[in-house]
*Asks:* 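One structure, pasted below without further comment.
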Amino acid sequence: MDNQKNDLGPKEEPMHSDTTKETAAREVPSQKDLEKEISDYLSKRYGGKVRVISHMLLPEELDHKRLSDGTGRGVHGGHKIHFNLKPEELEAWLNRFVVRQEKAKAILATKICTHFNRIEYLRKMGKSVQAHGPGNIKNNIILIGPTGSGKTFLIKLIADRLGVPFVKGDATKFSETGYVGGDVEDLVRDLVQEADGDIELAQCGIVYIDEIDKIASSPNVHGPDISRAGVQRALLKPLEETEVDLRVPHDPISQIEAIERYRQTGKREKKTLNTRDVLFIASGAFSGLSEIIKKRLTRQGIGFGADICIKDDEYWLDFVKPQDLIEYGFESEFIGRFPVVAVLHELSEDDLYQILKNPESAVVRGKKQDFKIYGIDLRFEDDALRLLAAQAYQEHTGARALVSVMEKALMPFEKTLPSTEIKFLLVTEELVKDPETALKGLLSHPYDHSLIKRYEEIVDAEKRDLMERIEVDVSRCWRNTDVPFNPNRLKMINRLILEQDMCLDAAQETILSRIEQIKGYEDAFFDRCGIKIIFEEEAIDALIEGCLDDPENLRTACETICNILEYGLTLIKEKTGQENFSIPAEAVKGIESYINRLIRASYRSPQKSEAM
């Protein structure tokens with residue numbers, strides 16, 4: 001047993017410095033050299049009946065978490081922020097998803113783009129902020145608007161577009177001494193978690209604090225108001241610039257990490273995050289603020305004694321000033337750290353209809369997906385959308401009401417239809433008015449010809465609208481690439497949206513990433529064989545279209561094609577000297593017959609030809 005232990009255990013042999021240097025200097029063989037050595041050995045042992053056929057070194061498919069054009073490249077781990085998005089570009093993108101609120105969208109797009117472009121500018125200068133003058137004034141923003149007006153949705157959209165970490169907190173859960181054992185700086189620490197531990201990326205994140213109006217001091221409170229004014233004071237330093245310790249006593253995980261690090265290195269390291277570039281955005285309904293503004297304006301007039309003519313109370317908010325927020329209950333130091341104010345207004349019934357009508361509507365797309373998982377195609381007639389918007393408007397909770405009225409109308413169908421053979425549901429005005437009666441009629445006559453015809457008309461109309469929208473919007477996604485856009489790629493994007501429930505941006509980026517993946521095979525092939533191949537655009541389209549449903553099939557197809565090309569093109573190169581090859585669509589459709597034809601042609605050639 002002892003001998004076995006000795007045989008199985010690692011043998012310690014003295015390593016001389018000369019041997020070490022010789023090993024280190026020895027050139028590492030390439031994959032192809034290793035394959036040849038192994039094949040030679042197997043041939044000698046088994047008489048040439050066995051040889052090695054390895055897979056290509058495959059380029060990985062692009063990570064779909066990568067940031068959109070105009071922002072950083074590569075999300076987590078060694079990323080560098082490269083931001084160059086312009087305010088009008090961000091505003092145009094927001095207009096695709098958010099109806100109305102033009103003034104708020106313009107303010108947010110302008111100040112947020114300026115904030116991140118300033119970060120990029122200072123980094124490119126290669127100097128610290130102090131070198132550009134004392135102090136650092138950030139464009140922290142306060143959003144004022146009623147519930148359901150789109151405040152949170154706007155900020156989430158922007159953070160997603162920029163590719164920066166985003167965390168949301170509720171101001172009502174804070175106190176001066178902390179909440180759940182922590183303090184207001186816990187939101188900043190959460191940025192690191194959202195950035196997968198990338199502190200550099202976290203320092204360019206967005207912290208969103210909702211219900212900020214709830215920490216305004218009450219006018220009838222005497223003495224220190226710990227739950228309100230105390231929170232304002234606790235937020236002052238993070239809002240401007242401070243070092244936030246990432247390891248805190250009430251976080252056991254960070255303490256365990258610190259202990260393990262100390263055990264390995266014998267050093268105590270203090271991990272901190274600087275909030276200099278963290279953008280803070282606060283929001284609230286600010287009930288009663290319009291009355292404060294109204295009193296001030298009626299007392300002093302607008303401009304030089306101009307008449308005041310404002311029909312709706314909510315539009316008084318457009319004239320808000322810092323002094324109004326201070327009178328509302330905020331400390332001047334706190335308001336001073338929010339130099340930008342944007343106002344959102346209550347959504348009208350027509351606004352709610354436009355949200356439902358918008359092809360990017362999360363409400364409609366989400367509901368379609370709920371039915372899609374059961375193999376049921378859900379479509380909406382225009383009259384049904386208008387009625388749903390009217391019902392939602394009566395609830396006075398803004399866009400949030402759209403989800404509740406949608407659920408109320410479709411819940412019976414979502415429960416019953418998955419157990420039937422029915423494969424589509426057309427939501428009509430009659431269905432929204434009386435879901436139970438409509439369900440009974442559908443179950444008794446599932447193949448009503450008039451209903452099928454209305455459904456097919458809606459499907460055809462949506463397909464036409466989608467194709468037009470893709471053609472209009474596609475330039476934004478493809479603008480910064482050198483990849484051509486053609487009708488085949490338009491059709492593939494359309495398929496991804498209709499068949500796989502992708503949004504337009506995701507569908508376009510999927511096609512772009514597949515194209516880049518194929519380009520990666522061209523580079524890998526040259527590194528492996530010393531032969532340059534270029535897939536023609538029609539060949540690229542044929543590859544992607546044949547494997548559109550499964551990216552793994554694309555990987556397999558490219559690997560198979562490249563392995564066959566390696567064998568054939570190497571023979572052709574030896575015979576003719578040709579080193580560059582253009583791979584047409586016919587090669588993708590029948591690679592073996594294509595390469596055999598090329599080989600026969602090369603052997604008929606009397607002399608070495610020039611590269612194609």
*Asks:* How far apart are the closest heavy atoms of Val427 and Leu431, and which atoms are they?
*Replies:*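 That would be CG1-CD2, 4.0 Å.
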
*Asks:* Here's a test for you: under side-chain contact (heavy atoms from CB on, under 4.5 Å), which of Leu512, Ile511, Ile493 qualifies with Phe485?
*Replies:* Ile493

*Asks:* OG1 of Thr428 to CG of Leu451: how many Å apart, nearest 0.5 Å?
*Replies:*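 Atom-to-atom, Thr428:OG1 and Leu451:CG are 7.5 Å apart.
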
*Asks:* For residues Ala507 and Leu496, report the shortest heavy-atom separation together with the two atoms involved.
*Replies:* O-CD1, 3.7 Å

*Asks:* Please tell me whether Trp93 and Asp505 have a donor and an acceptor in their side chains that are separated by less than 3.5 angstrom.
*Replies:*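 There is such a pair (donor and acceptor under 3.5 Å, judged by atom type) between the side chains of Trp93 and Asp505.
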
*Asks:* Is a side-chain N or O of Ser290 found less than 3.5 angstrom from the main chain of Trp316, in a donor-acceptor match?
*Replies:*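 Between the backbone of Trp316 and the side chain of Ser290 there is no qualifying donor-acceptor contact (under 3.5 Å).
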
*Asks:* If the condition is salt bridge (charged side-chain N to carboxylate O under 4.0 Å, His left out), which residues does Asp213 pass it with, not counting sequence neighbours?
*Replies:* none

*Asks:* When you compare the side chains of Asn117 and Thr114, does any donor N or O come within less than 3.5 Å of an acceptor on the partner?
*Replies:* no

*Asks:* Please assess Leu85 against Arg161 for the test side chain to side chain contact (heavy atoms under 4.5 Å, CB included), listing each intermediate value before the final yes or no.
*Replies:* CA-CA 10 Å; Leu85 199 64; Arg161 179 71 178 88; 3.5 Å; yes

*Asks:* Distance only, no hydrogens: is a donor on one side chain within 3.5 Å (strictly under) of an acceptor on the other, for Asn95 and Lys105?
*Replies:* yes

*Asks:* For Thr110, check side-chain hydrogen bond (donor to acceptor under 3.5 Å, both in side chains) against everything at least two apart and list the hits.
*Replies:*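 Partners of Thr110 under the side-chain hydrogen bond (donor to acceptor under 3.5 Å, both in side chains) test: none.
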
*Asks:* For residues Asp350 and Val99, determine if any side-chain heavy atom of one lies less than 4.5 Å from a side-chain heavy atom of the other.
*Replies:*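 No, every pair of side-chain atoms sits at 4.5 Å or beyond.
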
*Asks:* Where do Lys156 and Tyr208 land on the side chain to side chain contact (heavy atoms under 4.5 Å, CB included) test, with the steps shown first?
*Replies:* CA-CA 9 Å; Lys156 283 184 176 179; Tyr208 180 68; over 6 Å; no

*Asks:* Report, one line per pair, each donor and acceptor closer than 3.5 Å where one atom sits in a side chain of residues 332-339; sequence neighbours left out.
*Replies:*
residue : atom : partner : partner atom : Å
Arg337  : NE   : Leu236  : O            : 3.1
Arg337  : NH1  : Glu333  : O            : 2.9

*Asks:* Which residue pairs pass the ring pair (Phe, Tyr, Trp, His ring centres under 6.0 Å) test when at least one of the two sits in residues 488-515, sequence neighbours left out?
*Replies:*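 Every pair satisfying ring pair (Phe, Tyr, Trp, His ring centres under 6.0 Å) with a residue in residues 488-515: there are none.
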
*Asks:* Given side chains that start at C-beta, do those of Leu273 and Val278 come closer than 4.5 Å, heavy atoms only?
*Replies:* yes

*Asks:* Between Arg189 and Asp186, does at least one N-O distance fall below 4.0 Å, as a salt bridge requires?
*Replies:* yes

*Asks:* In chain order, what residues pass the salt bridge (charged side-chain N to carboxylate O under 4.0 Å, His left out) check against Glu414, with sequence neighbours excluded?
*Replies:* Lys367

*Asks:* Within the structure provided, determine whether Ile515 and Arg489 are in side-chain contact (heavy-atom separation under 4.5 Å).
*Replies:*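 When only atoms from C-beta onward are counted, Arg489 and Ile515 do touch, with a gap below 4.5 Å.
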
*Asks:* Less than 4.5 Å apart, any side-chain heavy atom of Arg100 and any of Leu344?
*Replies:* no

*Asks:* Have a look at Leu143 and tell me which of Val341, Ile155, Leu154 forms a side-chain contact (heavy atoms from CB on, under 4.5 Å) with it.
*Replies:* Ile155

*Asks:* Is a donor on one side and an acceptor on the other found under 3.5 Å between the side chain of Asp324 and the backbone of Lys321?
*Replies:*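 Yes, because the side chain of Asp324 sits within donor-acceptor range (under 3.5 Å) of the backbone of Lys321.
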
*Asks:* Is the shortest distance from a Lys or Arg side-chain nitrogen in Asp382 or Arg386 to a carboxylate oxygen in the other one below 4.0 Å?
*Replies:* yes

*Asks:* Could you go step by step and tell me if Val364 and Lys357 meet the side chain to side chain contact (heavy atoms under 4.5 Å, CB included) rule?
*Replies:* CA-CA 8 Å; Val364 174; Lys357 191 68 175 173; over 6 Å; no

*Asks:* Side chains of residues 437-444: which donor-acceptor partners sit under 3.5 Å, not counting sequence neighbours?
*Replies:*
residue : atom : partner : partner atom : Å
Thr437  : OG1  : Asp434  : OD1          : 3.2
Thr437  : OG1  : Asp434  : OD2          : 2.5
Ser444  : OG   : Lys440  : O            : 3.1
Ser444  : OG   : Gly441  : O            : 3.0

*Asks:* Provide the closest heavy-atom pair for Phe280 versus Pro238 in the form atom of the first, atom of the second, distance.
*Replies:* CE1-O, 3.0 Å

*Asks:* Can a salt bridge be assigned to the pair Asp549 and Arg495 using a cut-off of 4.0 Å between side-chain N and carboxylate O?
*Replies:* yes

*Asks:* Are the side chains of Met492 and Thr510 in contact, using a 4.5 Å heavy-atom criterion?
*Replies:* no

*Asks:* Indicate yes or no: at least one non-hydrogen side-chain atom of Leu317 is less than 4.5 angstrom from one of Ile293.
*Replies:*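 Of all side-chain heavy-atom pairs linking Ile293 with Leu317, at least one is under 4.5 Å.
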
*Asks:* Could you tell me which residues satisfy ring pair (Phe, Tyr, Trp, His ring centres under 6.0 Å) with Phe380, sequence neighbours excluded, listed by chain and number?
*Replies:*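 In terms of ring pair (Phe, Tyr, Trp, His ring centres under 6.0 Å), with neighbours along the sequence ignored, Phe380 is linked to no residue.
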
*Asks:* Residues two or more places apart in sequence or in another chain: which of them pass ring pair (Phe, Tyr, Trp, His ring centres under 6.0 Å) with Tyr353?
*Replies:*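 In terms of ring pair (Phe, Tyr, Trp, His ring centres under 6.0 Å), with neighbours along the sequence ignored, Tyr353 is linked to no residue.
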
*Asks:* For Ala171 and Ile209, work out which heavy atoms get closest and say how close.
*Replies:* CB-CG2, 3.8 Å

*Asks:* What's the spacing between Lys168 NZ and Ile281 CD1 if we round to 0.5 Å?
*Replies:* 12.5 Å

*Asks:* Roughly how far apart are Leu94 CG and Glu102 CD, rounded to 0.5 Å?
*Replies:*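 So the gap between those two atoms works out to 11.5 Å.
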
*Asks:* Do the non-hydrogen side-chain atoms of Cys113 and Lys86 ever get within less than 4.5 Å of each other?
*Replies:* no

*Asks:* Search all heavy atoms of Lys151 against all heavy atoms of Ile144 and return the closest pair with its distance.
*Replies:* CD-C, 4.4 Å

*Asks:* List the atom of Asn358, the atom of Arg96, and the distance in Å for their closest heavy-atom pair.
*Replies:*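 Of all heavy-atom pairs spanning Asn358 and Arg96, the closest is ND2-O, 2.7 Å.
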
*Asks:* Which pairs of donor and acceptor atoms, one on a side chain in residues 389-400, lie under 3.5 Å apart (sequence neighbours left out)?
*Replies:*
residue : atom : partner : partner atom : Å
Glu395  : OE1  : Ser404  : OG           : 3.2
Arg400  : NH1  : Thr147  : OG1          : 2.6

*Asks:* Could you walk me through whether Val231 and Leu235 pass the side chain to side chain contact (heavy atoms under 4.5 Å, CB included) check?
*Replies:* CA-CA 6 Å; Val231 177; Leu235 279 166; 4.1 Å; yes

*Asks:* Checking the side chain of Asp210 only, and the main-chain atoms of Thr152 only, is there a donor and an acceptor separated by less than 3.5 Å?
*Replies:*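 Judged by distance alone, no pair lies under 3.5 Å.
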
*Asks:* Which pairs would a plain distance check flag for residues 416-425, meaning a side-chain donor or acceptor within less than 3.5 Å of a matching protein atom at least two apart in sequence or in another chain?
*Replies:*
residue : atom : partner : partner atom : Å
Thr416  : OG1  : Pro412  : O            : 3.0
Thr420  : OG1  : Leu417  : O            : 2.7
Thr420  : OG1  : Ile422  : N            : 3.2

*Asks:* Please identify each residue that fulfils salt bridge (charged side-chain N to carboxylate O under 4.0 Å, His left out) with Glu381, with sequence neighbours left out.
*Replies:* Arg454

*Asks:* Tell me every residue that passes salt bridge (charged side-chain N to carboxylate O under 4.0 Å, His left out) with Glu429, counting only those two or more places apart in sequence or in another chain.
*Replies:*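 For Glu429, the residues satisfying salt bridge (charged side-chain N to carboxylate O under 4.0 Å, His left out) (neighbours in sequence not counted) are Lys433.
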
*Asks:* Answer whether the closest heavy-atom distance between the side chains of Leu378 and Phe413 falls below 4.5 Å.
*Replies:* no

